[in-house]
Amino acid sequence: MVIIMRAGASEEQIAEVSYLVEKRGMQIRRIIGEYQSILGIVGDVATLYSEREQLERLDGVENIVRISKPFKLASREFNPVDTIININGVIIGGKDIVVMAGPCSVESREQILETAHIVKDAGAKILRGGAFKPRTSPYSFQGMGEEGLKLLAEASQETGLPVITEVMDHQMLPMIMEYADILQIGARNMQNFTLLRAVGEAGHPVLLKRGMMSTMEELLMSAEYILACGNDKVMLCERGIRTFETYTRNTLDISAIPVLKQLSHLPVIVDPSHATGKWDLVAPTSKASIAAGADGLIIEVHPHPKVALSDGAQSLTPSNFIDLMKDIDCISQAVRRCYERG
Ligand code: PEP
Ligand code: MN
């Protein structure tokens with residue numbers, strides 16, 4: 001349920017409504033818009049419906065809207081205005097397309113520093129790199145751990161790029177938060193509800209990846225966990241889903257972009273690297289994603305993909321990344337989005 005206050009409603013009027021709602025054991029999440037405030041009610045709202053008329057008569061209340069979707073805080077019904085997330089000055093979810101780029105895994109000081117400079121010069125605004133890796137085989141490279149986080153922080157300091165890295169479980173959260181500007185929740189953890197609650201309480205910006213066999217509604221319900229814990233800095237990430245197709249690593253669900261944008265106010269980021277698994281499919285799917293309305297991309301780039309310790313086959317070389325960024329510039333303008341290089 002959402003209570004829409006009249007334009008110019010006073011703080012006293014809002015306080016009166018909040019008092020009534022909170023007295024019944026529900027919580028208020030307030031969205032302060034340009035002209036009016038919207039009060040989202042969280043909790044078991046069924047009892048409030050019987051008092052709807054009383055609520056509607058309160059001074060300052062314009063309208064009461066029932067949210068029909070199972071995800072409430074994540075829905076556009078709750079917040080019709082796009083959520084904008086500011087990561088140290090990088091605005092995600094606004095007019096500008098934001099590209100996050102870097103290696104699948106941090107492998108060495110030289111590798112992450114070199115990649116950070118390359119992607120920054122090409123126009124990326126956020127540096128990606130895994131330090132704790134969710135690998136299918138326990139014998140595969142598992143990441144550099146905290147040493148990798150320190151190297152990411154050093155690369156961030158040198159370039160000024162904020163950093164995104166994966167948090168695999170809730171116990172790691174305090175350590176990861178020391179180094180990372182955005183917490184990535186991987187596809188395999190999309191329904192790790194303990195982790196979702198923990199990042200919700202932590203309040204740090206989150207990139208939530210769609211599970212490889214999850215529906216869009218399940219993705220939005222997972223986002224709801226984070227929002228319900230009080231963290232509204234959530235980005236949704238389409239990274240391909242598992243289908244019967246074997247030519248590509250996953251199947252990029254392009255339709256997820258407009259559907260998620262219709263259903264939710266949260267920014268939508270696409271990962272064409274994990275979606276396709278093949279470097280030569282990364283550019284076309286990146287361009288399609290921007291054209292379909294994505295707010296940003298997260299792309300794997302490696303100075304020497306052939307010797308990468310993870311996901312080399314889907315990693316772009318620096319020169320391929322630079323070429324792609326030029327194309328992203330053109331597509332962004334064609335769909336009236338901004339994209340600033342360098
Ligand atoms: C990654 O970004 O390196 C990764 C493991 O992604 P996903 O969780 O989408 O597989
Ligand atoms: Mn990867």
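Just follow the structure's listing: the first ligand is 1, and inside any ligand the first atom is 1.
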Report summary line: From the list M213, K209, E218, side-chain contact (heavy atoms from CB on, under 4.5 Å) with M190 holds only for E218
What protein heavy atom is closest to [atom], reported as residue, atom name and distance in Å?
atom	answer
atom 9 (O) of ligand 1	R239 NE, 2.6 Å
atom 7 (P) of ligand 1	K209 NZ, 3.5 Å
atom 4 (C) of ligand 1	H274 NE2, 3.4 Å

Regarding [X] and [Y], does a basic nitrogen lie under 4.0 Å from an acidic carboxylate oxygen?
X	Y	answer
D295	K261	yes
E224	K72	no
R210	D253	yes
R109	E154	yes

Query - Partner set under side-chain hydrogen bond (donor to acceptor under 3.5 Å, both in side chains) for S68, not counting sequence neighbours - result: E77
Query raised in the report: Hey, is R210 one of the residues with a heavy atom under 4.0 angstrom from ligand 1?
Result: no
Query raised in the report: Heavy atom of R128 under 4.0 Å from ligand 1?
Result: yes
Query raised in the report: Backbone or side chain, does any N or O of A187 fall under 3.5 Å from an N or O of ligand 1?
Result: yes
Interfacing atoms of ligand 1 (cut-off 4.0 Å, heavy-atom, [X]):
X	value
E300	3 (O)
G186	8 (O)
K133	1 (C), 3 (O)

Query raised in the report: So with a 6.0 Å cut-off around CD of E245, is the heavy-atom count from everything else above 12?
Result: yes
Report task. Kindly check if the number of other-residue, nucleotide or ligand heavy atoms within 6.0 Å of CZ (R197) is above 12? Result -> no
Query raised in the report: Is ligand 1 under 4.0 Å from a heavy atom in the side chain of M212, in the backbone, in both, or in neither?
Result: neither
Report task. Following the transitive rule for hydrophobic clusters with a side-chain heavy-atom cut-off under 4.5 Å over Ile, Leu, Val, Met, Phe, Trp and Tyr, establish whether I269 and L208 coincide in one cluster. Result -> no
Query - Listed protein N/O/S atoms, distance to the Mn ion (ligand 2) under 2.8 Å - result: C104 SG, H274 NE2, E300 OE2, D311 OD2
